[in-house]
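From a predicted model like this one, the values you see are computed outputs, not experimental measurements.
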Amino acid sequence: MDRYLVFGHPVRHSKSPFIHTLFARQTQQELEYGLAEPAVDEFAHALRTFFDQGGKGCNVTVPFKGQAFTLVDRLSPRAKRAGAVNTIKLTDDGVLLGDNTDGAGLVADLKSHGVTLADSRILLLGAGGAARGALAPLLAELPSELVIANRTHAKAQQLAAEFHDLGPVTAQTYEQLAGPFDLVINSTSASLQGELPPLTPALIHTDIAIYDMMYGASDTAFISWAKQHGARQTMDGLGMLVEQAAEAFTVWRGIRPGTKQVLRELKRNLGVI
């Protein structure tokens, strides 16, 4: 039976085995999917061993996405742009192909919620790996402007300059931000600590769409804050998790699974519904 893994540290909390088992059942694919939690300095060895022993593909999560980028034999165009790899496939000719499905997952989830990206004004909070992975897919949807804001302004400037060839992307400090924005995406990990980006409530209006890449059994701190200030459409990153997994499954198996029922099952598993 074909074997797949998710590598991370820590990774025991990962919902990837649950998601991919449902995808396999839905598409009648025979595979098994497990967890691997090597020490940070043992990832390269663990990755090589997995494929030497017949592994077909894997997902890669924190903190190994940067290492994976340097360890594969070939990079997809979106992995090159993201500067990180979250999906690896062993090709038929024995090549380890590194891909990045995070941004595609984000865009797919936004569209599933009816969010219009074309000609929209988007604010992206954060300038780390999650933001980097999202930028090219977001800009491919032809927004009127994409503004990056980050606590360290120089990082936002560097990221904007790097992706400027793909569309109208700029960097602003939190103090410079002026609305209206159609969509605000929080790519920071602040919600994991129950913290908020230093965003003025004046930017929130009833027609804005709010997206937090983090998720939990209840609203994240950022979503709760946005609701308190009048946002009517709020979304967390659970759908992005499922959509990026579906993209990875498609890379591996050549068949795209449906995501709606799997997302419902995942929410039930987490106690969200």
Quick one: does [X]'s side chain get under 4.5 Å of [Y]'s, heavy atoms only?
| X | Y | value |
| --- | --- | --- |
| Arg121 | Pro143 | no |
| Phe181 | Ser120 | no |
| Met214 | Phe222 | no |
| Asp219 | Lys227 | yes |
| Val107 | Leu117 | yes |
| Thr116 | Asp182 | no |
| Leu124 | Leu135 | yes |
| Gln261 | Leu22 | no |

Supply the atom-to-atom distance [X] [atom1] to [Y] [atom2], rounded to the nearest 0.5 angstrom.
| X | Y | atom1 | atom2 | value |
| --- | --- | --- | --- | --- |
| Leu5 | His20 | CG | NE2 | 11.0 Å |
| Arg253 | Gln29 | CZ | CD | 4.5 Å |
| Tyr174 | Leu203 | OH | CG | 11.0 Å |
| Met213 | Leu241 | CE | CG | 12.5 Å |
| Gln157 | Thr173 | CD | OG1 | 9.5 Å |

Can you find a side-chain donor-acceptor pair between [X] and [Y] that sits under 3.5 Å?
| X | Y | result |
| --- | --- | --- |
| Asp119 | Ser144 | no |
| Thr101 | Glu247 | no |
| Asp99 | Thr87 | no |

Apply side-chain contact (heavy atoms from CB on, under 4.5 Å) to the pair Ser16 and Tyr4, showing each step before the final yes or no.
-> CA-CA 10 Å; Ser16 292; Tyr4 296 85; over 6 Å; no
Which class fits the ring pair Phe7 and Phe43: parallel under 30°, tilted 30 to 60°, perpendicular over 60°?
->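 Phe7 and Phe43: perpendicular rings.
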Taking the six-membered ring for Trp, are Trp252 and Tyr33 parallel (under 30°), tilted (30 to 60°) or perpendicular (over 60°)?
->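 Taking Tyr33 first and then Trp252, their aromatic rings sit tilted (interplane angle of 30° to 60°).
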So if you build clusters from Ile, Leu, Val, Met, Phe, Trp, Tyr with side-chain heavy-atom gaps below 4.5 Å, do Val6 and Phe64 land together?
->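 No; Phe64 is not reachable from Val6 via cluster members.
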State yes or no: do Ile223 and Leu196 share one hydrophobic cluster built from I, L, V, M, F, W and Y residues joined by side-chain heavy-atom distances below 4.5 Å, directly or via other members?
->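 Different clusters: Ile223 never reaches Leu196 through Ile, Leu, Val, Met, Phe, Trp or Tyr contacts under 4.5 Å.
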Expected output: side-chain [X] to main-chain [Y] donor-acceptor under 3.5 Å:
| X | Y | answer |
| --- | --- | --- |
| Asp109 | Met240 | yes |
| Ser187 | Leu125 | yes |
| Gln233 | Ile208 | no |
| His113 | Val115 | no |
| Gln67 | Val40 | yes |
| Asp2 | Lys56 | no |
| Ser76 | Ala79 | yes |
| His9 | Pro38 | yes |
| Arg81 | Ala136 | no |
| Trp225 | Glu195 | no |

Does a side-chain N-to-carboxylate-O contact under 4.0 Å join Lys111 and Glu141?
->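 Judged by the 4.0 Å cut-off on N to carboxylate O distance, Lys111 and Glu141 do form a salt bridge.
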Before accepting this row, confirm whether a basic side-chain N of the pair Lys260/Glu265 lies closer than 4.0 Å to the acidic partner's carboxylate O.
->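 No, no charged N to carboxylate O under 4.0 Å.
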Val95 vs Thr91, side-chain contact (heavy atoms from CB on, under 4.5 Å): CA-CA, chis, key distance, verdict | CA-CA 5 Å; Val95 170; Thr91 66; 3.3 Å; yes
Step by step, work out the side-chain contact (heavy atoms from CB on, under 4.5 Å) result for Val72 and Leu97.
-> CA-CA 6 Å; Val72 296; Leu97 172 66; over 6 Å; no
Answer yes or no: does atom [atom1] of [X] have more than 12 heavy-atom neighbours from other residues, nucleotides or ligands under 6.0 Å?
| X | atom1 | answer |
| --- | --- | --- |
| His164 | NE2 | no |
| Gln26 | CD | yes |
| Gln193 | CD | yes |

Could you tell me which non-hydrogen atom of Asp93 sits nearest to which non-hydrogen atom of Arg74, and how far apart they are?
->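 Closest pair (atom of Asp93, atom of Arg74, distance): OD2-NH2, 4.0 Å.
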Non-hydrogen atoms of Phe23 and Gly258 that approach each other most closely =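 Distance-wise, the nearest heavy atoms are CE2-O, 3.5 Å.
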Sort out for me which residue in Ile210, Leu146, Leu106, Leu123 forms a side-chain contact (heavy atoms from CB on, under 4.5 Å) with Ile185.
->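 Looking at Ile210, Leu146, Leu106, Leu123, the match for Ile185 under the side-chain contact (heavy atoms from CB on, under 4.5 Å) is Leu106.
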Which one of Asn86, Asp102, Asn100 satisfies the side chain to side chain donor-acceptor pair (under 3.5 Å) criterion with Lys65?
->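 By the side chain to side chain donor-acceptor pair (under 3.5 Å) criterion, Lys65 pairs with just one of Asn86, Asp102, Asn100: Asp102.
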